Amino acid sequence: MTMTIESSTEILHDFSPRFLIYKDGRIERLRKDVVVPPSYNPSTGVHSKDVKISPGASARIYRPDDIPDNTKLPILIYYHGGAYCQFSPFSIMYHNFLNSIVSKAHVIAVSVDYRLAPEYPIPTCYDDTWDVTKWVLTHPAGTGPDPWITQWGDMGRVFLAGDSAGGNFSHNMLAQASRAGLLSPTTKIEGVVLVHPFFSLGELEDVVEFLSEGKMGVTHPIFHPMGDPVRMRREVECERMLVCVEKDDVLREKGTAYYEALKGSGWEGKVELLETNGGGHVFHLWDAKLEKSHEFLQVIASFINQPT
């Protein structure tokens, strides 16, 4: 006799619109994800491949086609968003965005994959993003595990960028690289782009505490670097930063507060604030065909390609 065990439909935790947890332990993510393999994209002329870096972390690496001999390109390390619990570099919207930014900015890009909460509670995702960031930053000149980075990547022109939770990762990975002593004149994070970044926000406190199993709240330094401007100034070891906020975004206030805190901390770099109007949170990912999405993409590419 074959017995069928039916999944429970009784909800234990409801974190709509992100995910549901049922009493039988099943997790249902409510925003459906479409993943795509690495490929050559003929419309952008960009190649991609996947690499495994640690037991929990991997990355999708991108490069433009037809790179001239002896040419070194800036390296962009990109951290995807999704409230710590959704999406990956293999999601179609991130894959398409990375193809576009690599083509527009002419960079080598490393799109970071990390394990998601709640299956892997915070700070697992920070450990994974650090594994990938450290892996990139410790590529020796002319040698190393990835031939695309060693052949074409300029370790003196590394950029970090990310949206939403990925914007938070961008700040924290910059700080961790500084604390670890990995940065030097030859291995340098030149700039950082925070796109609609997630920092402390009271109305998401329950989600953050749940995803960290009660170990962290929104006032934790990971989520609230503005709480210690002296430490913030010391750990932001780059030349320039672009903080992007959106008028119709619940995260706007905290992104602006981050900008003001850094600007007022005595930091000697250049920080810019870009505010868009009417697109909503990460609008450039949800509808890449919008004219304002193309304009936003160009702003990021122009930031990376500013003369040094």
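Because only heavy atoms are used, hydrogens play no part in the values below, and waters and symmetry mates are left out as well, while side chains stay in. Note that the structure is predicted; figures quoted are calculated from it, not measured.
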Ring centres under 6.0 Å, that's the criterion: do His95 and Tyr62 meet it? yes
Closest heavy-atom pair and its distance - Glu246, Gly280: OE2-N, 3.1 Å
Applying side chain to side chain contact (heavy atoms under 4.5 Å, CB included), can you list everything that pairs with Lys188, at least two apart in sequence or on another chain? Glu239
Minimum heavy-atom distance between Tyr79 and Ser170, given as atom pair plus value: CD1-OG, 3.4 Å
Between Ser265 and Leu262, is there a side-chain heavy-atom distance shorter than 4.5 Å? yes
Evaluate Thr44 against Val102 for side chain to side chain contact (heavy atoms under 4.5 Å, CB included), listing each step before the verdict. CA-CA 8 Å; Thr44 58; Val102 167; over 6 Å; no
Could you note down all residue pairs passing ring-ring contact (aromatic ring centres under 6.0 Å, His included) where residues 31-53 supplies at least one of them, sequence neighbours left out? Tyr40-His47
Those residues at least two apart in sequence (or on a different chain) that pass side chain to side chain contact (heavy atoms under 4.5 Å, CB included) with Pro123 are Tyr126, Met216
Does Phe90 have Arg60 sitting over its ring (NZ/CZ under 6.0 Å from centre, angle to axis within 45°)? no
Compare every heavy atom of His196 with every heavy atom of Leu251, then report the nearest pair and how far apart it is. CD1-O, 3.5 Å
Aromatic ring centroids of Phe87 and His80 under 6.0 Å? no
Steps toward ring-ring contact (aromatic ring centres under 6.0 Å, His included) verdict (Phe283, Phe296): CA-CA 10 Å; Phe283 63 87; Phe296 189 67; 5.6 Å; yes
Indicate, with yes or no, if the rings of Phe97 and His284 have centres closer together than 6.0 Å. yes
Note: Arg252-Glu275 ion pair, threshold 4.0 Å (strictly below): yes
Electrostatic pair Arg29:Glu119 at N-O distance under 4.0 angstrom: yes
Taking the six-membered ring for Trp, is the centroid-to-centroid distance between Phe199 and Phe223 below 6.0 Å? no
Indicate, with yes or no, if the rings of Tyr114 and Tyr84 have centres closer together than 6.0 Å. no
Geometric cation-pi criterion, Lys49 with Trp148: 6.0 Å, 45°: yes
Hey, is Glu235 close enough to Arg179 for a salt bridge, meaning N to O under 4.0 Å? yes
